[in-house]
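Numbering of ligands and ligand atoms starts at 1, following listing order.
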Amino acid sequence: MSDVIVDAGVVVLGAGPGGYAAAFRAADLGLDVTLVDPEPNPGGVCLFRGCIPSKALLHQAALLEEATAAAERGIAFAAPTIDLARLRDWKDGVVTTLTSGLGQLAKSRAVRRIRGRGAFLERNLLEVSAQEDAGRSVIRFQHCIVATGSRPTVLPGLDTESPLVMNSTEALELPDVPARLLVVGGGYIGLELATVYQALGSKVTVVEMTDTLLPGVDPDLTRVLAKRMESRLDAVRLRTKVTALEAGVGGCTVRLEHADGATEQAFDRVLVAAGRRPNSSGLGLKHTAAHVNERGFIAVDAQRRTAEPGIFAIGDVAGEPMLAHKATHEGLIAAEAIAGRDVAFDPAAIPAVVYTDPEIAWCGLTESQAAAAGRAVEVGRFPWAASGRALTLGRTDGLTKVLIDPETHRVLGAGIVGHGAGDLIAEVIHAIEMGAVAEDLALTIHPHPTLSETVMEAAEAALGKSVHMHKRRR
Ligand code: NAD
């Protein structure tokens, strides 16, 4: 089959939340856009194999939890029956609705789409190999935006070829509900999927090699989550590493190493969620001046331009945090920079959310970072036991804290653990972007009774004048 030669103004490599946002904005700015991705529709890992399917399953997991908890409050349901095929279909339907919608949006914007994987031949030439030997395209471009994302880390020494050993993609396909599931990694993915499988009926063990779940997150937030997870999971084993895994016909034998010694344990399935690596190799970047650092991230400037002036990089492949919303914003900046706009990627803060039960969300400066930098901060905390709304939900397992500058009262950061924390953090992110001070949050009339009041109360606490908490005067 002969090569198809395409002349493109802007070619975007990868159609995840970074890539498709960049392509759509570039098209809206009047540029000629080609979007390259192996999938039939835009969406990338986030929509097809990540954020969206996991949140669909987490919602059903929350429903199961809620139904069980309701019995204590006088409403008892019969034990649920779980139709895995139907659950899978519903989740896949959510993904299809979203991704086909994006396909329509691409079409209406006249974004040219080429299916396959691209690699640079020269600084302005890409080849795209289609999957099923459908020939290849060669694209001559003026600008390229690399948005190729990341992939799961493979742990050395583990037999990951076995169908019993899953990565996050395979776990989201819900092959079955294993009686005993081992989750390797107590990070975002490990804890979210542990929550799903536990709710569906698996006995779940999480092993984490560091001394805490969600390393890097403030301990007062993770403590609340750890308490609930420990009560629901079979075991949470910190400072523990999986050093060997042997998969047999009906299960896996795993060697768990801890400072006190090693043990062997049997599981029906294993999920490995030990981090992600940027997809920067195999792209032919050596044929360009773009620089890849020792961790595999493509180096970029404030416009997300690489050392090769015509090539930009955004999202997971261009550095941490590896989060979809950061990729989207970078994509918009790159597209606008290519269109000649005077823009820079310069967020005051980027929010992070772990969609466990309860959720954990944070943004801006954390207490751990402030302590490490020796920076003085005033921290206002509001425990959800004092929130009327949290009590009515039966979810007092929460905490909202706001970090402010002791002199200027400028809002520097926030951390929230609790039901719906991921939605609540948006208010503080907005405050930080607006350069707000604690008084702005405290004097804003929040609707009552809502969980959003906990942000106002935490700001009041930071200013030393909380209504619903009282410190006795000495
Ligand atoms: P992660 O970095 O969040 O967590 C991996 C964990 O595995 C770490 O705590 C690490 O200490 C542990 N670990 C590594 N090797 C181990 C070993 N041999 N034995 C035991 N523990 C080990 O990575 P992830 O959970 O795989 O997620 C990858 C990335 O995807 C995240 O960094 C995040 O950026 C993104 N993500 C985001 C969301 C979200 O926004 N809600 C959800 C999922 C993934």
- With the threshold set at 4.0 Å, does a side-chain nitrogen-carboxylate oxygen contact exist between Arg269 and Glu170? no
Can I get a per-line list of side-chain donor-acceptor pairs under 3.5 Å for residues 419-433, giving both atom names and the distance, sequence neighbours left out?
from, atom 1, to, atom 2, distance (Å)
Glu427, OE1, His446, NE2, 3.2
Glu427, OE2, His446, NE2, 2.6
Glu433, OE2, Ala348, N, 2.9

Extract all N/O-N/O pairs under 3.5 Å that connect ligand 1 to the protein, and present each with both atom names and the distance rounded to 0.1 Å.
from, atom 1, to, atom 2, distance (Å)
ligand 1, 3 (O), Tyr188, N, 3.3
ligand 1, 9 (O), Glu208, OE1, 2.5
ligand 1, 9 (O), Glu208, OE2, 3.2
ligand 1, 11 (O), Glu208, OE2, 2.7
ligand 1, 21 (N), Met209, N, 3.2
ligand 1, 23 (O), Gly275, N, 3.4
ligand 1, 25 (O), Tyr188, N, 3.3
ligand 1, 25 (O), Ile189, N, 2.8
ligand 1, 26 (O), Gly275, N, 2.9
ligand 1, 34 (O), Met322, O, 2.7
ligand 1, 40 (O), Val353, O, 3.4
ligand 1, 41 (N), Glu192, OE2, 2.9
ligand 1, 41 (N), Val353, O, 2.8

- Kindly indicate whether the side chain of Arg239, heavy atoms from C-beta on, has any atom under 4.5 Å from the side chain of His258. yes
- Item | Listed partners of Asp92 passing side-chain hydrogen bond (donor to acceptor under 3.5 Å, both in side chains), at least two apart | none
- Query: What residues, two or more places apart in sequence or in another chain, satisfy side-chain hydrogen bond (donor to acceptor under 3.5 Å, both in side chains) together with Arg277?
  - Reply: Thr153
- Salt bridge flag under 4.0 Å for residues Asp357 and Arg232: no
